[in-house]
Protein chains: 2
Amino acid sequence: MIVIATIRDVAKLAGVSVSTVSRYLNKSGYVNVETERSIKAAIEKLDYAPNQVARGLAGKKTNTIALILPDISNLFFSDLARAVEDVAATYGYTVILGNSDDRADKEKRYIETLKKKYIDGFIFASQTFGPEEAEMLTKLGIPFVCLDRAPSEENASVVRTKNIEGASMAVQHLLDIGCRKIAHIYGPQHLITGRDRLIGYEKSVHAMEWFTPSLLEEGDFRIRGGISATERLMQRHPDIDGIFAGNDLMAIGALKALSRMGIKAGEEVAICGYDGIQTAEITSPELTTIAQPLYEMGALISRLLIKKIEGTLEKDLTYELDVKLLARGSTLDFSPRAKA
Amino acid sequence: MIVIATIRDVAKLAGVSVSTVSRYLNKSGYVNVETERSIKAAIEKLDYAPNQVARGLAGKKTNTIALILPDISNLFFSDLARAVEDVAATYGYTVILGNSDDRADKEKRYIETLKKKYIDGFIFASQTFGPEEAEMLTKLGIPFVCLDRAPSEENASVVRTKNIEGASMAVQHLLDIGCRKIAHIYGPQHLITGRDRLIGYEKSVHAMEWFTPSLLEEGDFRIRGGISATERLMQRHPDIDGIFAGNDLMAIGALKALSRMGIKAGEEVAICGYDGIQTAEITSPELTTIAQPLYEMGALISRLLIKKIEGTLEKDLTYELDVKLLARGSTLDFSPRAKA
DNA sequence: CTGAAAGCGCTTACAG
DNA sequence: CTGAAAGCGCTTACAG
């Protein structure tokens, strides 16, 4: 077992007081150039590194943030988590991971246990995060930022994409390639992503002569929900030739459902998703999608949190990032004649 | 801002000393039933919860473990991380996430910064973790456990699956469905998973008359590597009718490559992967794979670490879990005649 | 520019 | 069974 040097050891070796070493370490207050040199030498010699736990107790800062998301094994969130951790590490922060399964009780438990650990701040990518918890954190004085959804009208920093606009892009693309009857599988309506993408779809199609509300079907943002929604849609309207799914997982479900029904996804029925998860590239046909800049979103949100923690964030804002159409086989292979 | 109660507040309210409260909290030493009651009442009234940072400093235990893996956005590791976090939370531990990109320098940096935070232990799912780092941790007295690979001959706890056996199962399955010329895309040979699965393949085929070493091709455990390996293989041996890929990502690459070449994956060339990641179900045809019990692996490894931390692990062992063949479209659709 | 002192909120022997 | 004291390794005013 190795003996780890403390600030006292450094002070002794450098022939100064502990306070001076601390001041040097934190660059708070003046330190003479000479003494600075000897402190530096002592630190080097002893291979000293400040004990973060002691620092945490004394200074109430741990350089640790928590990322609370529904499920890290969900493709969307693992991409995001990667970005969050990258940026956090760059700024010298450590990331604690919490899976909430979108359950308020689990989420609260994380808040409870992590406040006792003096976590510096929270990122919520969870859907359950609401006003109650936001207030709890505010009272405790713990900074937080949110993905997609603001917990209340108050000022909180939020990062999301232009969902309405993105949905319109999806529909427009389907129209452009020649679709004449486009359905939408929408996500849960208690989520802003579910709602806004539905709004974008409706805006784009409500004036079309072929539009009817029965072209709408509810999904759950998961593959399974996409499958059953597609089945119901195709049964109701066998002449559907385009489907815009509220996210990629449901679009993958649509792909699956169609192929089970013996319909050529992509050729006979074009499909477009939303998110731009990596997996959209491994389906066949590959999935056309409205790509969110996942990495940027994660990077931005963790940068915002760190700024809040360090008190350098001017003011809370909602950031709506641009999305991008990635046209791939599931729409590019479309040839209306294939069906007729 | 809320005022948080400390152990002193509890002691005062209960009319006892801080030591007694501490003893009650940690169930160390005797506490009279009466005083226990009043302490309990005080805790309830003040909504007291011990400060973990202070506890960490005084007792050198933080109830926090670190999970170091190559990349959380890799499907394999996100599934695993979920299990690790679940189990850790159950035992009252918090999980810190670190992405190493399989780079020794990043890995060491995590060790450096986390030891200063009094992390209780490490799980390494990273491939770079070697003897040097293992020694470093041993010297520091920090417990660790490893996925797949032991860092040295010394006693370390390791969790992996029966790779050789699993590979043989894959080959046997391909033979069973009628394949007569089976290639193997092997993973990096500095990884035990890459090596052992190759051994399993060779064991099963070396006596076959059709076997030739040119049925082997190297991959990198990623989709891209699977694609190019498959291209090279099919060029060399257009009559290959079965491919066993060393992991699912490369198998997905094989699927992609074949479809680009106009070959019907599944029907003309059967494909089997290894891992059992969730994504294997969303390809088309769905991917047959040798499934590792990912969740169990994650659960076991984190349970092992916690036992080591708490000193209740009898001895270090290497656990080799069973795998299971999940036969799906990529082999079940096989019909040799399709090609002829 | 520097040091002594108090404090962060616990735990751990050690007396009693 | 219980309490006083020292200590964990820092930071933060406050004097000088």
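Worth saying up front: this structure is predicted, and the values here are computed from it rather than measured. Numbered from 1 within each chain, the chains take letters A, B, ... in sequence-line order.
Residue-level contact check: A:Val31 touches the backbone only, with heavy atoms under 4.0 Å from sugar-phosphate atoms and none from bases. Counting non-hydrogen atoms under 4.0 angstrom, A:Val53 reaches nothing in the nucleic acid. Residue-level contact check: B:Tyr48 touches the backbone only, with heavy atoms under 4.0 Å from sugar-phosphate atoms and none from bases. Among the protein residues, A:Ser28 comes within range of no part of the nucleic acid, since none of its heavy atoms lies under 4.0 Å from any strand. Within the 4.0 angstrom heavy-atom criterion, base atoms lie near B:Ser19.
Figure legend: cation-pi geometry between B:Lys61 and B:Tyr118 absent, as NZ or CZ is not positioned both under 6.0 Å from the six-membered ring centre and within 45° of its axis. For the pair B:Lys27 and B:Tyr24, the distance from NZ or CZ to the six-membered ring centre is under 6.0 Å and the angle to the ring normal is within 45 degrees.
Using a cutoff of 4.0 Å between basic side-chain nitrogens and carboxylate oxygens, B:Lys307 and B:Glu310 are not scored as salt-bridged. Under 4.0 Å is where a charged nitrogen must lie from a carboxylate oxygen, and between B:Glu85 and B:Arg82 no such pair does. Ionic pairing of A:Glu34 and A:Arg37 is present here: one or more N-O contacts between side-chain nitrogen and carboxylate oxygen are shorter than 4.0 angstrom.
Atom CG in B:Leu46 sits roughly 14 Å away from atom P in C:dG9 (whole-Å rounding). Computed from coordinates, the A:Arg55 CZ to D:dG9 P distance equals 15 Å when rounded to whole Å. Whole-Å rounding puts the A:Asn32 CG to C:dC1 P distance at 7 Å. Distance, B:Arg8 CZ to D:dG3 C1': 14 Å, rounded to whole Å. Regarding B:Lys12, its NZ atom lies at a distance of 13 Å from the P atom of C:dG9, rounded to whole Å.
Nucleotides of DNA chain D nearest to B:Arg23 and B:Lys60 differ in position, and the one nearer the 5' end is that of B:Arg23.
Put simply, A:Ser22 has no side-chain N or O that comes within less than 4.0 Å of OP1 or OP2 on D:dC10. Side-chain N/O atoms of B:Tyr30 include none lying less than 4.0 angstrom from OP1 or OP2 on D:dG3.
Taking the side chain as every heavy atom from C-beta outward, B:Leu75 and A:Leu75 approach each other to under 4.5 Å.
Remark: D:dA13 base-pairs with no nucleotide in the shown strands. Criterion, Watson-Crick or G-U wobble with two distances under 3.5 Å. Nucleotide C:dA4 is matched to nothing when pairs are restricted to Watson-Crick or G-U wobble geometry with both distances under 3.5 angstrom.
Note: B:Phe124 and B:Phe129 have parallel aromatic rings, judged against thresholds of 30 and 60 degrees for the angle between ring planes.
Checked against D:dT11, C:dG9, C:dA4, the side chain of A:Leu57 finds its nearest nucleotide in C:dG9.
Only at 4.0 angstrom or more do the heavy atoms of residues 109-122 of chain B sit from any atom of DNA chain C, so none qualifies.
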